[in-house]
**Q** 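Have a look at this one.
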There are 2 protein chains.
Amino acid sequence: MAQKPNINRPTIVDVARLAGVSKSTVARALSQSSEVKKKTRDRVIKAADSVGYERNHLAHSLRSGRTGMLGLVIPDLANPFWAEVARGAQDRAMDEGVSLLVFSSDWNAEREAAHLRALRQARVDGALVNPVGDHIDELERFGMPVVLLGSSAPRFPDLPSVGSDINQGVRLGLDRLVALGHHAPALIVGSKGRLARTRFMRVVFDHCVDRDVDPQSLIVEEGEYTVQSGKKAMARILVKKTSEPMSVFVANDLMALGALLAVREAGLTCPNDVSILGFDGIQAGIFSDPGLSTVKKPARKIGEKGIRLLFDAIAGKASDKRIELACEMRNLGSLADISGTSPQHLTVVG
Amino acid sequence: MAQKPNINRPTIVDVARLAGVSKSTVARALSQSSEVKKKTRDRVIKAADSVGYERNHLAHSLRSGRTGMLGLVIPDLANPFWAEVARGAQDRAMDEGVSLLVFSSDWNAEREAAHLRALRQARVDGALVNPVGDHIDELERFGMPVVLLGSSAPRFPDLPSVGSDINQGVRLGLDRLVALGHHAPALIVGSKGRLARTRFMRVVFDHCVDRDVDPQSLIVEEGEYTVQSGKKAMARILVKKTSEPMSVFVANDLMALGALLAVREAGLTCPNDVSILGFDGIQAGIFSDPGLSTVKKPARKIGEKGIRLLFDAIAGKASDKRIELACEMRNLGSLADISGTSPQHLTVVG
DNA sequence: GCAGATTTTGGGAACGTTACCATTTTCTAT
DNA sequence: ATAGAAAATGGTAACGTTCCCAAAATCTGC
């Protein structure tokens with residue numbers, strides 16, 4: 001194919017010719033903050049408008065070293081929680097006049113690496129990443145400003161990050177469970193190798209110990225953060241545990257909703273037979289039957305704050321900030337109050 | 001600030017020096033399909049690896065006229081339906097090795113225009129757009145390959161498009177309603193000025209006429225495609241219409257779920273008092289109480305096919321294709337069967 | 001009206017790549 | 001061996017912008 005770069009789009013030289021000035025002057029006139037005579041600037045702008053000039057962002061970026069593009073790498077755009085985070089990032093990016101390259105990694109380390117490579121080659125100004133695995137070096141020598149998304153910050157001590165306050169969120173959830181009489185909930189967590197899993201479990205265990213509950217006594221099942229896997233995990237729990245009423249604390253809302261389906265399919269009802277507590281705060285939980293009680297993470301704010309931090313990192317200031325935003329409890333119908341009944345399910349250490 | 005383009009990232013010249021060849025040769029060796037001696041190619045690749053060379057995509061794009069980036073402009077990334085479409089587009093884009101710039105327009109024509117401008121300046125190879133308003137010219141003189149997303153194709157006869165088959169989908173829904181004895185459902189549609197609204201209404205009306213139902217007799221309320229607005233719209237309907245049982249056909253699932261909430265708040269139950277039929281097929285509808293019966297659009301496929309069409313358009317072939325993908329009925333619990341009761345609610349024309 | 005300071009402008013060179021053309025090297029057949 | 005073709009390589013000019021430095025124009029105060 002013959003050469004066909006830019007099908008006749010007017011360039012700065014065309015504008016210069018029309019306005020009767022040099023291209024340098026046009027460049028200056030068009031980039032607001034330079035010293036150009038008012039009169040010439042007007043002339044240039046008029047000329048630019050008349051030919052429909054639009055700055056070639058590629059050339060601009062190549063020369064200036066700034067692309068005005070940021071990368072966003074999240075596990076799954078179709079997951080409402082991450083979609084919400086992405087939306088927050090988008091909004092903030094739009095305010096700043098930058099564009100977002102968005103990728104889904106599907107919790108797959110290889111894909112994540114490929115996306116990061118693509119971002120580096122596109123020479124984005126920085127990236128917002130929820131890291132999948134613990135290929136730490138990959139990220140640390142990423143070679144451009146990064147801000148981490150989510151709770152994986154501890155693994156990357158040198159990088160700024162923004163996520164929800166897992167510690168506070170989990171406590172919020174456990175306190176609620178305890179208040180309703182559930183002292184040793186079963187857990188459905190992410191699968192091994194996922195950073196968020198470890199964090200969630202450790203915090204739950206710590207808080208159990210605080211309340212003299214033996215973490216070892218808790219039933220723990222794994223899922224892939226999807227509805228289907230949550231459903232299966234719940235089914236496995238129902239096989240193991242026969243004593244009712246019981247409760248389950250699920251590490252994300254999609255799995256929690258899946259668990260709800262499993263309970264329903266087993267001929268049981270929530271919350272009478274099984275109480276379910278989610279973690280995320282996605283909208284779908286509001287409509288479920290019963291409504292999903294959950295610990296709501298400030299998803300959109302995470303995205304917004306992430307972009308803000310990223311801008312700081314790009315500007316070179318305060319590059320090691322770590323932000324944890326508070327979660328809120330959303331109480332709907334999926335938790336039963338069994339505080340009145342005999343505490344036969346209470347597992348006490350010592 | 002001093003000049004700081006590319007903080008010492010190795011370029012093609014560095015590789016050339018190291019490999020002892022000219023930069024032209026490096027360029028050729030690295031772009032697979034050219035005539036280079038096997039031996040030199042290996043040497044070049046080794047040199048490139050050893051310095052950690054990564055092609056500068058900006059320079060490449062500037063020179064070649066291809067950016068390997070596509071634009072995606074949808075109304076709202078936080079809306080599960082559109083997130084799903086975006087995910088489909090992402091997957092397909094990844095297969096082709098291109099990146100996606102993703103924007104949300106919030107059904108705001110000005111924002112949409114701003115996003116389109118950004119895409120043009122970024123010199124993306126093409127764009128996938130769900131157009132908000134009918135500022136037709138804006139899109140037609142967009143100046144680069146575009147594929148439309150959604151049902152607005154009729155307004156832009158010259159552009160290729162991919163969406164769901166509204167005609168078939170609406171018929172699917174209405175047939176189901178009729179089968180259950182609902183002959184004249186109320187409607188909750190998008191607000192004026194939104195392209196999808198007109199399309200949806202016209203098709204509903206046409207099918208009503210086919211069945212000798214007077215379209216004028218239908219209650220029609222407006223919403224903004226959000227849960228809240230759907231809830232309010234349903235509340236307005238409940239004030240107007242007192243005869244039970246009744247049914248409502250809602251133009252998107254989020255509003256339908258909102259309607260569900262309104263019914264619940266009014267002290268009524270779905271489907272006993274009010275039957276609700278949605279349109280979209282988002283996951284949240286599966287968990288609601290009752291499950292939302294809805295006409296499911298093939299969201300992910302729309303995104304995938306959209307990218308495929310866009311590639312065709314970029315390659316210059318078959319630029320006027322219009323694709324409408326079939327919808328499916330998802331039957332859950334939100335529709336009551338009243339076909340046995342007396343047809344007092346049936347409005348017959350003539 | 002003029003020297004000197006100050007704006008304002010123009011002319012390149014660069015950013016890192018690819019495309020073209022000329023040149024060199026290698027291969028093939030005599 | 002050698003002419004001629006074919007393959008491989010090098011040199012240089014783009015792509016469209018910004019940045020630097022020098023040149024020109026304008027503005028000061030006397």
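Quick caveat: nothing in here was measured; it's all calculated off a predicted structure. Because only heavy atoms are used, hydrogens play no part in the values below, and waters and symmetry mates are left out as well, while side chains stay in. Proteins come first, then strands; the chains are lettered A, B, ... in the order of their sequence lines, and each starts at number 1.
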**Q** Tell me every residue that passes side-chain hydrogen bond (donor to acceptor under 3.5 Å, both in side chains) with B:K38, counting only those two or more places apart in sequence or in another chain.
**A**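 side-chain hydrogen bond (donor to acceptor under 3.5 Å, both in side chains) check on B:K38 returns B:D42.
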**Q** Hey, does the side-chain of B:R63 have a donor or acceptor N/O within less than 3.5 Å of a partner on the base of C:dA19?
**A**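 No pair found.
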**Q** Using the side-chain hydrogen bond (donor to acceptor under 3.5 Å, both in side chains) criterion, which residues pair with B:R87? Sequence neighbours excluded.
**A**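 With neighbours one apart ignored, the set is A:D76, A:S104, A:D106, B:D91.
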**Q** Which whole-number value in Å describes the distance from A:I12 CD1 to D:dC19 P?
**A**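 It works out to 11 Å between those atoms.
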**Q** So does A:R66 get a side-chain nitrogen or oxygen closer than 4.0 Å to the phosphate oxygens (OP1/OP2) of D:dT18?
**A**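 It does not, given that no N or O in the side chain of A:R66 lies less than 4.0 Å from OP1 or OP2 of D:dT18.
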**Q** Please report the distance, rounded to the nearest Å, between CG in B:N56 and P in C:dA14.
**A**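 In whole Å, C:dA14 P and B:N56 CG are 18 Å from each other.
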**Q** Going by side-chain hydrogen bond (donor to acceptor under 3.5 Å, both in side chains), name the residues that satisfy it together with B:E110, two or more places apart in sequence or in a different chain.
**A**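 side-chain hydrogen bond (donor to acceptor under 3.5 Å, both in side chains) check on B:E110 returns nothing, list empty.
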**Q** Could you tell me whether the side chain of A:Q121 and the main chain of B:H57 form a donor-acceptor pair under 3.5 Å?
**A**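 Absent.
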**Q** B:R308: which residues meet the salt bridge (charged side-chain N to carboxylate O under 4.0 Å, His left out) condition with it, sequence neighbours left out?
**A**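 For B:R308 there are no salt bridge (charged side-chain N to carboxylate O under 4.0 Å, His left out) partners, ignoring immediate neighbours.
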**Q** Please write out each protein N/O paired with an N/O of nucleotides 8-12 of chain D under 3.5 Å, distance rounded to 0.1 Å.
**A**
residue: D:dT9; atom: OP1; partner: B:T40; partner atom: OG1; Å: 2.9
residue: D:dT9; atom: OP2; partner: B:K37; partner atom: N; Å: 3.0
residue: D:dT9; atom: OP2; partner: B:T40; partner atom: OG1; Å: 3.1
residue: D:dG10; atom: OP2; partner: B:S22; partner atom: N; Å: 2.7
residue: D:dG10; atom: OP2; partner: B:S22; partner atom: OG; Å: 3.0
residue: D:dG10; atom: OP2; partner: B:T25; partner atom: OG1; Å: 2.4
residue: D:dG10; atom: N7; partner: B:R28; partner atom: NH2; Å: 3.0
residue: D:dG10; atom: O6; partner: B:R28; partner atom: NH1; Å: 3.4
residue: D:dG11; atom: N7; partner: B:S24; partner atom: OG; Å: 2.9
residue: D:dG11; atom: O6; partner: B:S24; partner atom: OG; Å: 2.9

**Q** Send over the distance from A:D14 CG to D:dG16 C1', rounded to a whole Å.
**A**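 One finds 11 Å between C1' of D:dG16 and CG of A:D14, rounded.
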**Q** Sort and list the pairs that fulfil salt bridge (Lys or Arg N to Asp or Glu O under 4.0 Å) and have at least one residue in residues 43-59 of chain B, not counting sequence neighbours.
**A**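 Output for this query lists A:R120-B:E54.
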**Q** Please state how far atom CG in B:L58 lies from atom P in C:dC15, giving the value in whole angstrom units.
**A**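 Taking atom P of C:dC15 as the reference, CG of B:L58 is at 14 Å.
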**Q** Tell me: NE2 of A:H60 to C1' of C:dG16, nearest whole Å?
**A**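 Atom NE2 in A:H60 sits about 16 Å away from atom C1' in C:dG16.
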**Q** Check the phosphate of D:dG16 against A:R9, side-chain N and O only, distance under 4.0 Å to OP1 or OP2. Yes or no?
**A**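 False: A:R9 side-chain N/O out of range (4.0 Å or more) of D:dG16 OP1/OP2.
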**Q** For the pair made of CG in A:L62 and C1' in C:dG16, what is the distance, rounded to whole Å?
**A**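 In whole Å, C:dG16 C1' lies 6 Å from A:L62 CG.
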